[in-house]
Amino acid sequence: MSEPYLPTRWYNLIADLPTPPPPALHPMTHQPLTPEDLATLFPMACIEQEVASDRYIPIPDEVREIYKLWRPTPLRRAVRLEKALGTPAKIYYKYEGASPVGSHKPNTAVAQAYYNRKEGITRLTTETGAGQWGAALAMAGAFLGIDVQVYMVKVSYYQKPYRRVLMETFGARVTPSPSNETESGRAILAQDPETNGSLGVAISEAVEVAVKDPGAKYSLGSVLNHVLLHQTVIGQEALQQMDEAGAYPDVVIGCVGGGSNFGGIAFPFLGERLRNGRNTRFVAVEPAACPTLTLGKYAYDYGDTAKLTPLVKMHTLGHTFMPAGIHAGGLRYHGMAPLISQAVDLGFIEPRSYAQLTVFEAAMLFARNEGIIPAPETSHAIRAAIDEALDAKAKNEERVILFNFSGHGFMDMTSYQTYLTGEMVDYNHTEEKLAESLACLPEI
Ligand SMILES: *Cc1c(COP(=O)(O)O)cnc(C)c1O
């Protein structure tokens, strides 16, 4: 039996961007961050990848062996959806829901757990929104012999109880955030005991615990350069698979929370555009309730609410922004990957936002034609793919559309129930809150 194609190296967009993102700054001194500054949080291998400028970085054999449990993931054409829309466009999707935990997140969780274990770390702390990242790191911890402590955003902890059980099945410890276990958690609870929590607060808790325990490090599931790097297995496989299908995408689409699944599928294709002049468009889709790229500012900001993380230049809604409790928990983050922000600023990526009702309508149409129930996050990409297909229909264009199916929604049934019973609402108070939180941006 011939081995299916599985990339042997990750692709680093920095090698091909005309200007790289500006450096991260120390949260106290505002001076460019040194590798030593990051060493309390991350293993050296990840810190080196964070600042690497090589175009390709080899994937360790042990990581590739684990990838083989679910990679390469399928590339499928949504023919029934195309017919239902009556579009001449071709809609392809890369099915990252095929991973054991049902999302793209293990692509980096396994790599990060591997590098930590190699450097003698026995405990990892992290935050999770909807629970997909926590589940991925919990699984990676089980594979590589690392204890995992997860701070889970409170609204998701109660909306998505099965993801907590999934993490616990892999052996992780899960705490709703904000919690009483940390100074940052207690400070937020003192202000508002009923808070939904947010990724920004959960990050503060996980970072605080990692900094205080010398045997522990912290692991982030999105945003950072090394995380987006690990996700480029998606786009490299898709390049090969599209080629086998005899097509090349006119537009590549992904949803964006911190930007990792979008970067994972888009960057290898963006590299083709930058090096070889391929004419692909890139569309990054976010929730209207957390409109980081469409309404945020491109400025230095903290990654968390308690201002413990480095300052990075990114599109941000302000580190104090508390997004409404939309069902796409994985997209409720105030910031964005600096690499995505830089590519948006350079005009290579078009940002777009949708409110949740129209996103769930798209999810229903996809499910009823293709049979897979998408995660609420993924459904943002599906909404945009459908709109591209309808636009191609209006213009009678044979557009080739590729979107990343970042994860399935089999554990998001509460969200579907809310939609099906007509109880789901759109939120429209974002702008006032935004003005308040943007006023709290640090002056750099
Ligand atoms: C976490 C998650 C996202 C959002 O995170 P990114 O880093 O922007 O990819 C999107 N879809 C799914 C299924 C997720 O689990």
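In each ligand, atom 1 is the first atom listed, and ligand 1 is the first ligand listed. Every heavy atom of this structure was used, including side-chain atoms; hydrogens, water molecules and symmetry mates were not.
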Q) Measuring from each atom of ligand 1, which residues have a heavy atom under 4.0 Å away? A) S103, H104, K105, Q132, S222, C255, V256, G257, G258, G259, S260, N261, G330, L331, E377, T378, S406, G407
Residues 255-275, side-chain donor-acceptor partners within the protein, below 3.5 Å, at least two apart:
{"residue": "S260", "atom": "OG", "partner": "H104", "partner atom": "NE2", "Å": "3.3"}
{"residue": "N261", "atom": "OD1", "partner": "N404", "partner atom": "ND2", "Å": "3.0"}
{"residue": "N261", "atom": "ND2", "partner": "C255", "partner atom": "O", "Å": "3.1"}
{"residue": "E272", "atom": "OE1", "partner": "N276", "partner atom": "ND2", "Å": "2.9"}
{"residue": "E272", "atom": "OE2", "partner": "R275", "partner atom": "NH2", "Å": "3.2"}
{"residue": "R273", "atom": "NH1", "partner": "T280", "partner atom": "O", "Å": "2.8"}
{"residue": "R275", "atom": "NH1", "partner": "D16", "partner atom": "OD2", "Å": "2.7"}

Q. If we only count heavy atoms from C-beta on, is the I146 to L137 side-chain gap below 4.5 Å?
A. no
Side-chain polar contacts of residues 359-374 - donor-acceptor pairs under 3.5 angstrom, sequence neighbours left out - could you list them?
{"residue": "N369", "atom": "ND2", "partner": "L365", "partner atom": "O", "Å": "2.9"}
{"residue": "E370", "atom": "OE2", "partner": "R80", "partner atom": "N", "Å": "3.2"}
{"residue": "E370", "atom": "OE2", "partner": "L81", "partner atom": "N", "Å": "2.9"}

(Q) Does the Lys NZ or Arg CZ of K217 fall within the cation-pi geometry relative to F42 - under 6.0 Å from the ring centre and within 45° of the axis? (A) no
Q: Could you tell me which residues satisfy side-chain hydrogen bond (donor to acceptor under 3.5 Å, both in side chains) with R383, sequence neighbours excluded, listed by chain and number?
A: T358, D387
Q. Are E65 and K68 within salt-bridge range, i.e. N to O under 4.0 Å?
A. yes
